[in-house]
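Each remark here refers to the structure printed beneath this line.
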Amino acid sequence: MKILAIETSCDETAIALVEAKGGIQNPRFKILKNFVSSQIEIHRPFGGIVPNLAKREHLRNLPILYNKILKAKSHKLKADLDIIAVTVGPGLEPALWTGINFAKEIYKSIKYQVSGIKLVGVSHLEGHLYSNLLKAKSYKLKAKNMFPAIALIISGGHTILIKMDSLVKYKKLGETRDDAVGEAFDKVARLLDLPYPGGPEIEKLAKYGRAASINFPRPMLNQKNYDFSFSGLKTAILYYIKNQTETAGGKRFLADIAASFQQAAFDVLISKTLRAAEEFNVKSIMISGGVAANKTLQKKFKSKIKGQMLDVKFFTPVKNFCTDNAAMIAAAGYINYLRNKKRRLTAKGNLSL
Ligand code: KG4
Ligand code: ZN
């Protein structure tokens, strides 16, 4: 099946063309085209995303990316399509609407030429959840060996721990009660005078710092639940900076804060994920979302899994599929289509998993 997918929930305009096969037991994807147009430079002066600017940029970028797909795939593309998948939430509603309306327009313009074509609404969170099924070219999913699994979605808007019995049967174990972990990275970056988005900047700066130099709090680490909280950690860093006078501002000082903050946040994420993996005796752990692109986190996860002698496989998508993209929306669109899971084609800013 050929899937055209559209993603505009936040500050990336993304369109992908993906071939899917294998059905629900063994879904496999081949990424034919994957375009992402980032708005980071536009939002950077504001230190975060401005919804109306995001909407304006999506409206400008969508036809440009779509034309790139049409050009790349020749005139046959439309006749070939089976599914148009589009993100309906969660995210910024004005931004979501641009993608939904664009998808509807394409659907209307070709539905009489292409019999059986379906327009499928997708949750952005399902996209992140299924992003572990994607590889740069094609990927054979060994679904039988993957489940049960623990999935951790860590992005700018979400921090969710999920137990998956199969690709389609899953349950939320816990989530953040305040800031998402990516949001904490972005806010701490601002305190350190680093540009938006803060995650990659903190990761870079942390390489020059000592992760054990400052003992920042590990919120909710020892609580028996699977919830998270990151706003107190951010506040602890704010006060730490305020209370230091002499050395403040030096690169070493800032790098120590970045490394110690990163360590504190990752300790909580890893500890709770591994505890869930043990409790539910799972076969694999998969992480996804922008923060999952962090190499320090990936390494720490692997070494803790080894250190605790857990017999679990560790999955993380390649970098481009950690951060927002449309290929993951195609994957979720395919699975929703196979399950006949219907979502309303209206923007739902607070759609939950
Ligand atoms: O998944 P994503 O692209 O968008 C959302 O759905 O939110 O995630 C964006 C978030 C931002 O908060 C960004 O700072 C964070 O992911 N991020 C990172 C890294 N790359 C992106 N955080 C830590 N380390 C990174 N390397
Ligand atoms: Zn996302």
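If you read the sequence from its start, that first residue is 1, and numbering goes on from there.
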Is the backbone of [Y] close enough, under 3.5 Å, to the side chain of [X] for a donor and an acceptor to pair up by distance?
{"X": "His58", "Y": "Cys10", "result": "yes"}
{"X": "Gln113", "Y": "Ser109", "result": "yes"}
{"X": "Ser9", "Y": "Gly91", "result": "no"}
{"X": "Thr98", "Y": "Leu59", "result": "no"}
{"X": "Glu203", "Y": "Lys295", "result": "yes"}

Return yes if a side-chain donor-acceptor contact under 3.5 Å exists between [X] and [Y], otherwise no.
{"X": "Tyr226", "Y": "Glu279", "answer": "yes"}
{"X": "Asp179", "Y": "Ser231", "answer": "no"}
{"X": "Asn26", "Y": "Lys21", "answer": "no"}

Check: Ring centroid separation for Tyr130 and Tyr334, is it under 6.0 angstrom?
Finding: no
Next item on the list: Please check if the distance between the ring centroids of Phe230 and Phe185 is under 6.0 Å.
Entry: no
[atom1] of [X] to [atom2] of [Y]: how many Å apart, nearest 0.5 Å?
{"X": "Ile237", "Y": "Phe216", "atom1": "CD1", "atom2": "CZ", "answer": "4.5 Å"}
{"X": "Glu7", "Y": "Leu62", "atom1": "CD", "atom2": "CG", "answer": "10.5 Å"}
{"X": "Leu353", "Y": "Glu126", "atom1": "CG", "atom2": "CD", "answer": "6.5 Å"}
{"X": "Phe321", "Y": "Ile31", "atom1": "CZ", "atom2": "CD1", "answer": "4.0 Å"}
{"X": "Lys68", "Y": "Leu17", "atom1": "NZ", "atom2": "CG", "answer": "14.0 Å"}
{"X": "Ile287", "Y": "Ser131", "atom1": "CD1", "atom2": "OG", "answer": "9.5 Å"}

Would you call [X] and [Y] a side-chain contact if the rule is heavy atoms closer than 4.5 Å?
{"X": "Pro197", "Y": "Asp186", "value": "yes"}
{"X": "Lys163", "Y": "Ile150", "value": "yes"}
{"X": "Lys251", "Y": "Leu205", "value": "yes"}
{"X": "Ile24", "Y": "Val168", "value": "yes"}
{"X": "Asp11", "Y": "Tyr196", "value": "yes"}
{"X": "Leu167", "Y": "Leu133", "value": "yes"}
{"X": "Thr316", "Y": "Phe301", "value": "no"}
{"X": "Phe261", "Y": "Leu192", "value": "no"}

Check this for me, if you would: do [X] and [Y] make a salt bridge, where the nitrogen-to-carboxylate-oxygen distance has to be below 4.0 angstrom?
{"X": "Arg44", "Y": "Glu41", "result": "yes"}
{"X": "Asp256", "Y": "Arg210", "result": "yes"}
{"X": "Arg275", "Y": "Glu278", "result": "no"}

Item checked: Of Leu125, Ile154, Ile153, Leu152, the residue whose pairing with Ser288 passes side chain to side chain contact (heavy atoms under 4.5 Å, CB included) -> Ile153
Item checked: Single hit among Lys30, Met328, Arg28 for side chain to side chain contact (heavy atoms under 4.5 Å, CB included) with Leu134 -> Met328
Next item on the list: Kindly indicate, with the supporting measurements, whether the criterion side-chain contact (heavy atoms from CB on, under 4.5 Å) is fulfilled by Ile160 and Leu129.
Entry: CA-CA 10 Å; Ile160 311 177; Leu129 192 61; over 6 Å; no
Notebook entry, point to check: Closest approach of Glu183 and Gly156, non-hydrogen atoms and distance?
Noted result: CB-O, 3.6 Å
Item checked: side-chain hydrogen bond (donor to acceptor under 3.5 Å, both in side chains) partner of Asn294, chosen from Lys319, Lys299, Lys300, Gln262 -> Gln262
Note to self: Are there over 12 heavy-atom neighbours, none belonging to Lys104, within less than 6.0 Å of that residue's NZ?
What the structure shows: yes
Check: NZ of Lys55: more than 12 outside heavy atoms within 6.0 angstrom?
Finding: no
Next item on the list: Assign the ring pair His124 / His128 to parallel, tilted or perpendicular, where the plane angle (0 to 90°) is split at 30° and 60°.
Entry: perpendicular
Next item on the list: Carefully, step by step, assess Tyr66 and Leu4 under the rule side-chain contact (heavy atoms from CB on, under 4.5 Å).
Entry: CA-CA 10 Å; Tyr66 184 53; Leu4 178 77; 3.8 Å; yes
